[in-house]
2 protein chains.
Amino acid sequence: MVSHDLLDRIRHRLDELNRSERKVADVILADPGTATSMSIASLAHAASVSEPTVNRFCRSFDAKGYPDFKIKLAQSLAGGTPYVSQAVEPGDAAGDYTSKIFGATIAALDLARREVDSARVERVVDYLTQAKQLHFFGLGASGAVAQDAQHKFFRFNIPVSAYVDVLMQRMVAASCHTGDVVVILSYTGRTRELVDIAQVARENGAVVLGITAPDSPLADECTETLAVTAPEDTDHYMPMTSRMIQLALIDVLATGVTLRRGEDFLPHLKKIKDSLKPTRFPAGSGE
Amino acid sequence: MVSHDLLDRIRHRLDELNRSERKVADVILADPGTATSMSIASLAHAASVSEPTVNRFCRSFDAKGYPDFKIKLAQSLAGGTPYVSQAVEPGDAAGDYTSKIFGATIAALDLARREVDSARVERVVDYLTQAKQLHFFGLGASGAVAQDAQHKFFRFNIPVSAYVDVLMQRMVAASCHTGDVVVILSYTGRTRELVDIAQVARENGAVVLGITAPDSPLADECTETLAVTAPEDTDHYMPMTSRMIQLALIDVLATGVTLRRGEDFLPHLKKIKDSLKPTRFPAGSGE
DNA sequence: GGCATTTAGTAGTAATTTTACAAAATATTT
DNA sequence: AAATATTTTGTAAAATTACTACTAAATGCC
């Protein structure tokens with residue numbers, strides 16, 4: 001993932017820099033956090049170069065000047081560690097890969113957030129709100145997401161189910177009626193069975209919503225689709241970011257439905273939450 | 001959620017501020033991105049206050065001065081949009097709550113990343129690598145995470161199962177042997193049944209790993225615990241961020257195990273991936 | 001209504017950054 | 001290899017920016 005992140009750009013251009021600029025880069029990369037709180041004078045001193053050299057260095061990275069550069073640097077640091085998708089490498093210590101995986105996950109969610117089409121969210125929420133019955137279908141990792149969705153939507157007083165195997169899914173699809181809504185979760189959108197099932201469900205009058213790759217065979221069969229675009233495969237060690245995006249979208253949809261139902265529905269949610277209390281040791285809530 | 005994020009802190013303290021400081025806050029909150037590139041003079045002008053007022057405002061938020069404040073502001077912005085936990089409000093449009101939910105999720109993951117104890121990750125990975133048999137237990141939303149974990153660890157050639165109901169969990173715990181590893185997922189760590197089950201599993205010689213709240217009854221029963229600290233409850237509309245953190249941790253652990261097993265294990269992972277191809281339309285991979 | 005306290009502004013000072021220019025250093029040409 | 005052109009780096013002064021000390025206004029309290 002080629003990011004537009006400043007720290008990344010500095011790293012990439014290390015070779016192209018001349019001697020003095022290189023010294024500046026080294027000091028910054030050695031401790032970017034500290035660099036953000038240094039004056040141009042102290043940074044110049046630390047790198048054993050003159051102040052204008054530092055200034056020129058900053059300008060060469062599209063900053064208006066030193067203060068602007070520091071702002072950009074701070075942004076690419078956000079919270080101390082960069083939000084970029086770095087590959088996990090053999091030899092990484094626990095701290096390294098932990099940070100990388102969280103970073104990659106965050107980066108993926110950030111990307112997804114920017115790409116969500118809110119008009120579509122609106123329409124999908126419309127369908128969900130009007131559903132007489134709700135079915136979530138997913139296979140493999142997406143199956144777990146389907147079950148998560150079931151838990152979330154269970155709270156809305158409408159019959160909701162999750163199916164994680166194709167046989168059940170096909171049977172349910174075949175027995176759908178008008179008013180039923182089927183939500184199909186699939187990262188690739190290319191699983192033959194699911195495409196078939198979507199078609200069957202639609203033929204029986206169900207609204208079929210896809211949380212899947214745009215322009216995929218599955219997306220074509222759906223009444224409406226929310227796009228999940230995540231870079232996967234690139235790397236064997238990488239986390240399944242698509243799953244996280246699907247989950248976040250489920251959260252978004254559940255929230256949309258809650259909002260659509262209005263304030264008067266909130267007490268009902270509280271009642272469900274409270275019903276779990278007796279199973280707990282004191283001082284807990286949620287699961 | 002009381003975050004240490006600057007933007008959040010400004011929002012929280014809005015009421016406590018006096019008239020001029022409030023004006024400054026309003027200008028900054030209206031467009032934090034632009035604020036980072038303003039001089040103290042232009043910001044003062046935009047807020048119709050004097051420069052020292054702006055300076056005092058900055059100091060009141062633990063900044064050394066205006067430039068330092070801008071750096072902190074920039075950090076809490078990262079990537080142009082603030083990664084902060086904003087509450088969803090009735091009347092929010094689809095774009096609003098979508099952005100807020102993704103933002104809250106990202107903020108939670110970021111917080112979690114900083115709080116993960118990598119020494120513990122290391123130890124948990126040790127246990128997982130040596131497991132003869134692996135069981136993931138979870139209830140409710142954590143049940144879906146348990147199943148997700150099953151999918152991830154299935155690839156490692158060790159018998160792995162996921163149980164989402166207490167009866168099966170109890171039975172499995174009762175029939176554990178030395179060498180078995182049980183991973184219990186619970187946000188609160190206060191579900192009585194799970195605490196019992198952890199105890200039973202341990203009595204039978206199993207290593208019990210908790211992905212749960214630190215210092216909870218469940219954590220006390222575990223051989224080793226990874227902390228999941230997420231603010232929940234505060235708000236009815238908020239996403240279940242704990243779930244996301246649990247999933248990210250599962251990813252981290254799976255990665256840790258993969259790394260521990262070394263390069264020679266990678267072909268095996270590829271074989272599993274390839275085995276799914278025949279079920280697909282051309283040009284897909286992963287799920 | 002007058003005194004105390006908080007709040008905000010003015011103007012000057014100090015710090016920091018930037019510009020313009022000059023000197024090295026490096027590369028290029030003859 | 002010397003001379004010239006070009007790039008790189010530094011110096012010092014100028015300009016911008018931020019801060020301090022002090023004063024004035026506003027608010028709260030007796």
Side-chain angles (χ1 to χ4, degrees), chain A residues 6 9-10 12-77, chain B residues 6-7 9-77:
Chain A
L6 179 57
R9 272 166 51 217
I10 298 176
H12 270 99
R13 281 187 43 193
L14 266 187
D15 313 322
E16 311 164 25
L17 299 174
N18 53 42
R19 212 175 308 132
S20 313
E21 287 178 332
R22 175 62 185 263
K23 285 192 219 164
V24 177
D26 285 341
V27 172
I28 293 171
L29 292 178
D31 189 352
T34 308
T36 57
S37 59
M38 284 198 220
S39 73
I40 194 170
S42 36
L43 181 57
H45 181 79
S48 315
V49 299
S50 69
E51 296 175 25
T53 298
V54 175
N55 188 280
R56 283 186 283 258
F57 174 87
C58 297
R59 286 215 212 297
S60 78
F61 284 95
D62 313 318
K64 274 193 259 152
Y66 182 69
D68 186 47
F69 178 85
K70 285 207 296 188
I71 296 287
K72 294 209 160 87
L73 188 64
Q75 274 176 347
S76 88
L77 245 71
Chain B
L6 180 56
L7 268 175
R9 273 166 50 215
I10 297 176
R11 281 200 203 88
H12 268 99
R13 283 189 41 195
L14 266 187
D15 314 321
E16 311 166 24
L17 298 174
N18 53 42
R19 210 175 309 132
S20 313
E21 288 177 333
R22 176 62 186 263
K23 285 192 219 162
V24 178
D26 285 341
V27 172
I28 293 171
L29 291 178
D31 189 353
T34 308
T36 56
S37 59
M38 282 198 216
S39 72
I40 193 170
S42 37
L43 180 57
H45 180 79
S48 316
V49 298
S50 69
E51 297 176 25
T53 298
V54 176
N55 188 280
R56 284 187 281 259
F57 174 88
C58 297
R59 285 215 211 299
S60 79
F61 283 96
D62 313 320
K64 275 192 255 151
Y66 182 70
D68 186 45
F69 178 87
K70 285 208 297 187
I71 296 287
K72 294 208 161 88
L73 188 64
Q75 275 175 347
S76 87
L77 242 72

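These values consider heavy atoms only, across backbone and side chains, with no hydrogens, waters or symmetry-generated copies.
The A:Ser39 side chain lies nearest to C:dT17 when the options are D:dC19, C:dT17, D:dA12. When the nucleotides C:dT10, C:dT17, D:dA18 are ranked by their closest atom to the side chain of A:Glu51, C:dT17 comes out on top. In this structure, the nucleotide among C:dT17, D:dC19, D:dG10 sitting nearest to the side chain of A:Val49 is D:dG10. Of all nucleotides listed (C:dG9, D:dG10, C:dT18), C:dG9 comes nearest to the side chain of B:Arg56. Among C:dT17, D:dC19, D:dT20, the nucleotide with an atom closest to any side-chain atom of B:Pro52 is D:dT20. The side chain of A:Lys70 lies closest to C:dT17, out of D:dA18, C:dT17, D:dG10.
The OG atom of A:Ser76 lies 12.0 Å from the CD1 atom of A:Ile71; values are rounded to the nearest 0.5 Å.
Here B:Val54 lies out of heavy-atom contact (under 4.0 Å) with every strand.
Protein atom CD1 of A:Ile40 is 8 Å distant from nucleotide atom C1' of C:dT18, rounded to whole Å. Atom CZ in B:Arg22 sits about 22 Å away from atom P in C:dT6, given to the nearest Å. A:Phe69 places its CZ atom 12 Å from the P atom of C:dT18, with the value rounded to the nearest Å. For B:Glu21 and C:dG9, the CD to P distance is 11 Å, given to the nearest whole Å. Between the CG atom of B:Leu43 and the P atom of D:dT17 there is a distance of 13 Å, rounded to whole Å. Look at OH on A:Tyr66: it is 17 Å from P on C:dA15, rounded to the nearest Å. When rounded to the nearest whole Å, the span between CG of B:Asp68 and P of D:dT17 equals 19 Å. A straight line from CG of B:Asn18 to P of C:dT5 spans 18 Å, rounded to a whole angstrom.
By the 4.5 Å heavy-atom criterion applied to side chains, B:Leu43 and B:Phe69 are not counted as neighbours. At a threshold of 4.5 Å between non-hydrogen side-chain atoms, the residues B:Arg11 and B:Leu29 count as touching.
The shortest distance between the side-chain N/O atoms of A:Asn55 and the OP1/OP2 oxygens of C:dT17 is not below 4.0 Å. Between A:Thr53 and D:dT8 there is no side-chain polar atom (N or O) within less than 4.0 angstrom of OP1 or OP2. Taking side-chain N and O atoms only, A:Ser20 has a distance below 4.0 Å to OP1 or OP2 of D:dT9. Under 4.0 angstrom from either OP1 or OP2 of C:dT26 there lies at least one side-chain N or O belonging to A:Arg19.
A donor-acceptor pair is defined here as one N or O able to donate and one able to accept, closer than 3.5 Å; such a pair exists between the side chain of B:Lys70 and the backbone of B:Met38.
Ion pairing between A:Arg9 and A:Asp62 holds under the 4.0 Å rule for side-chain N and carboxylate O.
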